[in-house]
**Student:** 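This is the structure I have questions about; it appears just below.
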Number of protein chains: 2
Amino acid sequence: MDKTAYLDAARRHCESRGCRLTELRQQVLELVLEHPGVVKAYQVLADLQRQRGAAAPPTVYRALDFLVEQGLLHKVDALNGFILCHHFDCPHDGLILVCERCGGVEELDATGCLSSLTDAMGKVGFTPRAQNLVLTGTCRSCQA
Amino acid sequence: MDKTAYLDAARRHCESRGCRLTELRQQVLELVLEHPGVVKAYQVLADLQRQRGAAAPPTVYRALDFLVEQGLLHKVDALNGFILCHHFDCPHDGLILVCERCGGVEELDATGCLSSLTDAMGKVGFTPRAQNLVLTGTCRSCQA
DNA sequence: TTTACGATGTTATACAGTAACATGTAGCCT
DNA sequence: AGGCTACATGTTACTGTATAACATCGTAAA
Ligand SMILES: [Zn+2]
Ligand SMILES: [Zn+2]
Ligand SMILES: [Zn+2]
Ligand SMILES: [Zn+2]
């Protein structure tokens, strides 16, 4: 999917959820799109300032939070960063692997891999919220 | 295990690994012990300042990093916090469950539950960093 | 038109984490 | 003893991450 098609799909995705992909939000999404792998909020902020002059942290954090809310991005807590989700339109129990060395992102289908985890949680009465697992580590090409 | 026994076990654990649980490190560990669930670094810092006067961030971060290194604490990236590990003496992969409603934290030993995930990652050549999975959801006592 | 609501702008601040360098402390070697 | 070494802690200053609180603006329903 090329960039334009992706943005179109993202717009339709938001509208189908009763939200608007405003110009600012799209601009932030495009900035994330420019980067491979993990993007940091303050990197986006710097990019945004280069494009439209003054901009403050809340501007970019609000846009990023919105995009995460819509499922267009995932937050990677361990790295204080964000990554694109390429499957926002189909519900997926994804397993997202982030390489600590090259910043590359890989997505696995974890369906069928989570049953034992779910069982373990069920034994203590814990009900997990649907969410994506994000793990950090080292990818194949970065193995020492 | 009561507090004294825990601290004794922690001390022996460190010494068996060729490290010392110094007075400062033990003091930080005790401060973490005082809190149920997740503890934040700056909360520990504030507590520490109340006990021994001046103290700066590096003091508490160094101690916390040491304790994580020894396996006595786990870092919870999603919450920028730390939790006690109650079975530091046996190697394990932690599965940390955070209740969205009451904020309680529970750690499961997921060592036997991750093989299918590990297999899936192995197939793409990905080596996960030793880490804890953090999931949010609803705990038993908060079930609606 | 008025009202309400969502989005954005703006300022200031809180919270999280680290670099770099100084000082102390304990064991070891000569 | 004197000096060497390694580790632990103290201290200052800073970078990076994130949010609170309030102001402004556009749009669309009432
Ligand atoms: Zn996804
Ligand atoms: Zn890599
Ligand atoms: Zn543990
Ligand atoms: Zn609960």
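Model, not experiment: these values are computed from the prediction. Chain letters run A, B, ... following the sequence lines, proteins first and then strands; every chain starts at 1.
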**Student:** Does any N or O donor sit under 3.5 Å from an N or O acceptor when you compare the side chain of B/R62 with the base of D/dG10?
**Tutor:** yes
**Student:** Regarding B/T22, tell me which of base, sugar-phosphate or nothing describes its non-hydrogen contacts under 4.0 Å with the strands shown.
**Tutor:** sugar-phosphate
**Student:** Taking CZ from A/R52 and P from C/dT8, how many angstroms apart are they, rounded to a whole number?
**Tutor:**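 Whole-Å distance recorded here is 8 Å.
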**Student:** Nearest to the side chain of B/P58 - C/dA19, D/dA18, D/dA20?
**Tutor:** C/dA19
**Student:** Considering only side-chain heavy atoms of B/P57, which listed nucleotide, C/dT18, C/dT8, C/dT11, is closest?
**Tutor:** C/dT18
**Student:** Only pairs at least two apart or in different chains count here, so list each salt bridge (Lys or Arg N to Asp or Glu O under 4.0 Å) that has a residue in residues 20-32 of chain A.
**Tutor:**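 Output for this query lists A/K3-A/E30.
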**Student:** Of the nucleotides C/dG17, D/dT19, C/dT8, which one has an atom closest to the side chain of B/Y61?
**Tutor:**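 Of the candidates, C/dG17 comes closest.
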**Student:** With a 4.5 Å cut-off on side-chain heavy atoms, are A/H35 and A/D47 touching?
**Tutor:**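 Yes, side chains in contact.
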**Student:** Whole Å only: how far is the CD atom of B/Q70 from the C1' atom of D/dC7?
**Tutor:**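 So the two atoms are 14 Å apart, to the nearest Å.
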**Student:** Taking the nucleotide of DNA chain D with the closest heavy atom to each, which residue, A/N80 or B/A54, is nearer the 5' end?
**Tutor:**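 Here B/A54 is the residue nearer the 5' end.
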**Student:** More 5' along DNA chain C: A/L24 or B/A41, using each one's nearest nucleotide?
**Tutor:**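 By nearest-heavy-atom nucleotide position, the 5'-most residue is A/L24.
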**Student:** Could you check how far OH of B/Y42 sits from P of D/dT17, rounded to whole Å?
**Tutor:**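 Rounding to the nearest Å, OH of B/Y42 and P of D/dT17 are 14 Å apart.
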**Student:** I need the CD-C1' distance between B/Q49 and D/dG10, as an integer number of Å.
**Tutor:**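 From B/Q49 CD to D/dG10 C1': 13 Å.
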**Student:** In whole Å, I'd like the distance from the CG atom of A/L45 to the C1' atom of D/dA18.
**Tutor:** 12 Å
**Student:** Rounded to whole angstroms, how far apart are CG on B/L79 and P on D/dT17?
**Tutor:** 18 Å
**Student:** Evaluate whether atom CD of B/E69 has more than 12 neighbouring non-hydrogen atoms of other residues, nucleotides or ligands under 6.0 angstrom away.
**Tutor:** no
**Student:** Please report the distance, rounded to the nearest Å, between CG in B/D77 and C1' in C/dG17.
**Tutor:** 13 Å
**Student:** May I ask you to evaluate whether B/K40 reaches the phosphate of C/dA16, defined as a side-chain N or O under 4.0 Å from OP1 or OP2?
**Tutor:**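 Result: yes.
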**Student:** Centroid-to-centroid, A/F88 to A/Y6, below 6.0 Å?
**Tutor:**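 Yes, the ring of A/F88 comes within the 6.0 Å limit of the ring of A/Y6, centre to centre.
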**Student:** Is the phosphate of C/dT8 approached by A/T59 (side-chain N or O, under 4.0 Å from OP1 or OP2)?
**Tutor:**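 For A/T59, the contact criterion (side-chain N or O under 4.0 Å from OP1 or OP2 of C/dT8) is not met.
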**Student:** Please compare B/A55 and B/R20 by the position of their nearest nucleotide in DNA chain D and report the one closer to 5'.
**Tutor:**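 So the residue in question is B/R20.
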**Student:** Within this structure, what is the CG-to-P distance between A/D65 and D/dA20, rounded to whole angstrom?
**Tutor:** 11 Å
